[in-house]
S.K.: 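What follows is a single structure, and I will ask about it in a moment.
A note on names: the letters A, B, ... follow the listed sequences, proteins ahead of strands, and every chain is numbered from 1.
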Amino acid sequence: MKWRQLSEKIVLIEVENSHAWAEGLRELRLPGIKEIVPTDREVAVQFDDFFEDDFMQALNDVKVTRPSSREIVEIPVCYELGLDWERIIELTKLDKEEVIKVHEGSEYRATYGFTPGFLYLSGLDFRLQAPRLAEPRIKIPKGSVGIGGTHTGIYSLEGPGGWNILGRTPIDLFDIRKENPVTVPNMASVRFHRITQTEFDQWS
Amino acid sequence: MELMRINSPGIISSIQDHGRKGFRHLAIPQSGFLDSYSASLANYLVGKTPGAEAIEIIGGTFKCTFLTAMNISVAGVSTRLQVNGQDHEILQQIAVSSGDELSIRGELTYLGIGAHLEADKHFGSVSTLPSVHLGGIQGTYLSKNQHLSGQPTKVNPAYLSKDLAPRKTSLIRVLKGLEFEGDTDQFEEKKWSISTASNRIGLRLQNNDWYQDPLEMISVPVFPGTIQLPPSNQPIVLLNDAQTTGGYPRIAQVIAADLPRIGRLIAGGSIRFKFVGINEAREIYTRQSTFIKHVLKANR
């Protein structure tokens with residue numbers, strides 16, 4: 001485990017399985033910690049007061065949560081509501097049905113932190129990789145499912161975005177009125193299954 | 001009850017408070033006061049805790065009409081205010097009556113409200129963040145003809161010396177960034193101008209000749225005060241509404257004590273940086289926070 005200080009109150013910790021490790025640290029509920037922010041490479045820990053070296057000893061107690069013990073969350077997606085099918089087909093050299101089959105056929109791991117409400121999913125089949133749009137959209141409909149480079153993901157909130165949109169989910173995934181706003185837990189395993197436009201419209 | 005009507009919001013005015021804590025892992029930024037020092041003075045003068053809700057005004061002329069009697073206060077940089085056309089000073093407790101008109105012109109100003117202000121709370125804060133519809137009144141900045149409601153509170157007399165007035169400083173102390181490449185002396189010599197495109201997301205600096213080799217980075221955590229160098233080589237000093245992660249080199253980090261100072265530069269001007277070590281940064285912060293606590297206690 002390597003660590004460096006970003007500032008007086010913030011330390012950056014480089015550790016394997018950074019997201020799972022950060023969840024383990026969060027579960028310890030150590031006093032004096034204001035933020036725990038994992039990224040793929042490092043985890044930032046911000047303290048209420050100055051960072052002290054001896055905090056690093058407490059980290060030996062962190063238990064890395066085993067992701068395989070989690071349930072698989074099924075997310076319905078209407079692929080008829082994609083916005084970038086022409087582009088996706090051109091970039092992947094697959095037809096629409098093949099793209100859907102491959103997208104549905106994989107199991108993904110969900111993390112947060114990219115942009116508010118965004119469900120960042122790793123495990124995208126390499127055949128579906130597609131670079132982001134040159135010009136991001138100013139407004140993407142809530143629930144849009146997209147592909148951006150090597151990942152797929154879901155814009156849980158309406159907002160700007162540059163990913164290739166292949167469908168939309170009717171499920172509410174991020175409720176800002178709740179202190180714990182996420183529907184899909186951090187580090188959950190996720191699978192998509194297709195629904196029709198009619199099913200989407202009637203979803204309650 | 002109705003407290004006030006906004007007649008002109010200035011360039012941007014919004015309800016802010018101490019901000020959001022504990023949600024950065026969901027990409028929810030801190031938001032909150034750009035200049036926590038000035039805000040704490042304004043709040044002190046209306047009997048509120050340092051992080052309580054207040055109105056933050058960025059640029060332009062802010063005008064409002066009060067609809068009930070209450071106490072207010074104003075703190076900010078380059079700030080002038082008038083009540084019913086009469087000049088008033090900043091850092092004073094001012095009693096207003098129904099019908100009184102307030103006009104504030106300043107670069108970054110806090111209007112302390114001697115009332116519990118009704119606003120939408122999300123993730124423990126009423127700080128306004130329109131991009132996610134958080135806080136404020138339905139997640140929006142204040143607008144012309146908007147009415148704000150709440151309940152005036154009883155406020156004891158309070159006084160602060162003008163010596164405590166916030167100052168605009170263009171020399172900001174920083175820690176060397178984790179991805180800084182180059183000569184620190186040369187970096188300190190540079191004077192950057194602050195683009196008018198700056199906002200609560202960050203100060204955008206205009207650079208003619210600072211250069212680092214482009215670095216391919218995956219996203220790493222960033223915080224208010226982190227100075228990023230995008231491929232354009234125009235640095236950005238991140239502020240309270242910035243994204244929580246980013247893939248650009250972190251070339252410097254503003255010391256905690258100087259975070260309120262970078263907020264004050266939002267209206268523009270120039271900026272220079274001075275590197276300090278982490279121990280010195282801690283000492284400066286401890287001295288400053290001890291001083292502020294002492295001042296607010298001594299004036300009680």
Side-chain angles (χ1 to χ4, degrees), chain A residues 4-14 18-19 22-23 25-26 29 33-52 111-120 138-139 142 149-151 156-160 174-182 186-187, chain B residues 19-31 120-125 129-135 139 174-179 217-226 241 243-247 250 252-259 276-286 289:
Chain A
R4 323 174 270 177
Q5 271 189 265
L6 179 68
S7 70
E8 304 93 318
K9 300 182 185 179
I10 304 168
V11 66
L12 298 169
I13 300 162
E14 241 178 83
S18 52
H19 290 273
E23 277 305 297
L25 176 60
R26 208 181 303 283
R29 299 191 209 290
I33 292 182
K34 191 191 272 192
E35 302 277 1
I36 300 168
V37 192
T39 57
D40 287 350
R41 189 178 96 186
E42 58 197 26
V43 181
V45 180
Q46 183 180 31
F47 296 85
D48 293 324
D49 296 311
F50 295 143
F51 164 73
E52 306 290 353
T111 55
Y112 293 91
F114 178 55
T115 196
F118 191 87
L119 206 64
Y120 196 71
I138 294 179
K139 217 191 235 188
K142 170 180 151 164
T150 56
H151 287 72
S156 309
L157 301 174
E158 180 188 77
F174 198 86
D175 188 347
I176 62 172
R177 295 164 302 179
K178 299 193 186 148
E179 286 275 306
N180 185 14
V182 301
N186 189 38
M187 303 289 294
Chain B
R20 296 181 173 95
K21 295 160 204 213
F23 297 97
R24 289 188 86 82
H25 61 289
L26 297 178
I28 304 285
Q30 176 186 309
S31 298
D120 295 335
K121 192 175 245 192
H122 294 105
F123 304 108
S125 159
L129 184 66
S131 57
V132 193
H133 306 293
L134 301 180
V174 295
L175 302 169
K176 192 165 123 176
L178 300 172
E179 288 92 36
M217 268 179 70
I218 66 172
S219 270
V220 289
V222 291
F223 288 80
T226 300
D241 289 353
Q243 276 198 292
T244 53
T245 60
R250 297 165 293 194
Q253 178 71 34
V254 175
I255 67 170
D258 281 359
L259 289 175
V276 299
I278 194 123
N279 289 329
E280 190 180 347
R282 286 166 58 134
E283 278 168 34
I284 295 167
Y285 182 84
T286 303
S289 51

S.K.: Would you say the side-chain atoms of A:E8 pair up with the backbone N or O of B:I278, donor to acceptor, closer than 3.5 Å?
M.R.: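 Absent.
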S.K.: Tell me, do A:F114 and B:Q243 make a side-chain contact under 4.5 Å, heavy atoms counted?
M.R.: no
S.K.: Quick one: pull up NZ in B:K21 and CD1 in A:I33 and give me the separation to the nearest 0.5 Å.
M.R.: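 One gets 15.5 Å once the value is rounded to the nearest 0.5 Å.
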S.K.: On the 0 to 90° scale, with breaks at 30° and 60°, tag the A:F174-B:F123 ring pair as parallel, tilted or perpendicular.
M.R.: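 Aromatic pair A:F174/B:F123 classed tilted.
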S.K.: Is the shortest heavy-atom distance from the side chain of B:P221 to the side chain of A:L12 under 4.5 Å?
M.R.: yes
S.K.: Sort B:L175 into side chain, backbone, both or neither according to what part of it lies under 4.5 angstrom from a heavy atom of chain A.
M.R.: side chain
S.K.: Is B:L26 close to A:P181 at the side-chain level, that is, under 4.5 Å between some pair of heavy atoms?
M.R.: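 Yes. Closest side-chain heavy atoms under 4.5 Å.
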S.K.: To the nearest 0.5 Å, what is the distance between CZ (B:F23) and CG (A:N180)?
M.R.: 8.5 Å
S.K.: Would you indicate whether B:Y285, at its atom OH, is surrounded by more than 12 heavy atoms from other residues, nucleotides or ligands within a distance under 6.0 Å?
M.R.: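 No, the 6.0 Å shell around OH holds no more than 12 heavy atoms from other groups.
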S.K.: What do the steps show when you test A:E179 against B:R20 for salt bridge (Lys or Arg N to Asp or Glu O under 4.0 Å), and what is the final call?
M.R.: CA-CA 11 Å; A:E179 286 275 306; B:R20 296 181 173 95; over 6 Å; no
S.K.: Mind listing the closest non-hydrogen atom pair of B:I28 and A:P116 along with its distance?
M.R.: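 Where B:I28 meets A:P116 most closely, the heavy atoms are CD1-CB, 4.0 Å.
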S.K.: Compare every heavy atom of B:A27 with every heavy atom of A:T115, then report the nearest pair and how far apart it is.
M.R.: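 Minimum heavy-atom contact is C-CB, 3.4 Å.
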S.K.: Which atoms of B:I255 come close to chain A, meaning under 4.5 Å heavy atom to heavy atom: side chain ones, backbone ones, both, or neither?
M.R.: both
S.K.: Nearest 0.5 Å, please: how far is OG1 in B:T245 from OH in A:Y120?
M.R.: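 The OH atom of A:Y120 sits 9.0 Å away from the OG1 atom of B:T245.
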S.K.: Between A:R41 and chain B, with a heavy-atom cut-off of 4.5 Å, which part of the residue counts as in contact: side chain, backbone, both or neither?
M.R.: both
S.K.: If I measure from the heavy atoms of chain B, does A:I36 come under 4.5 Å with its side chain, its backbone, both, or neither?
M.R.: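 For A:I36, backbone heavy atoms alone lie under 4.5 Å from chain B.
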S.K.: Quick one: which of B:V220, B:I218, B:V132 has the most heavy-atom pairs under 4.5 Å with chain A, could you say?
M.R.: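 Looking at each of B:V220, B:I218, B:V132 in turn, B:V220 comes out on top.
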S.K.: What do you reckon, is NZ of A:K34 surrounded by more than 12 foreign heavy atoms closer than 6.0 Å?
M.R.: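 Atom NZ in A:K34 is crowded, with more than 12 foreign heavy atoms closer than 6.0 Å.
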S.K.: Give me the atom names and distance for the closest heavy-atom approach of B:H25 to A:E35.
M.R.: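 That would be N-OE1, 4.5 Å.
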S.K.: Distance from A:L6 atom CG to B:T226 atom OG1, nearest 0.5 Å?
M.R.: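 Going from CG on A:L6 over to OG1 on B:T226, the span is 5.0 Å.
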S.K.: Top residue by heavy-atom pair count (under 4.5 Å) with chain B, among A:R26, A:K178, A:Q5, A:K9?
M.R.: A:R26
S.K.: Is any side-chain heavy atom of B:F223 less than 4.5 Å from a side-chain heavy atom of A:V37?
M.R.: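 Yes - at least one pair of side-chain heavy atoms lies under 4.5 Å apart.
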S.K.: Select, from B:L134, B:L178, B:L129, the one with the greatest count of heavy-atom pairs under 4.5 Å involving chain A.
M.R.: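 Ranked by contacts with chain A, first place is B:L178.
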S.K.: Nearest 0.5 angstrom please: A:E42 CD to B:S219 OG, how far?
M.R.: 10.5 Å
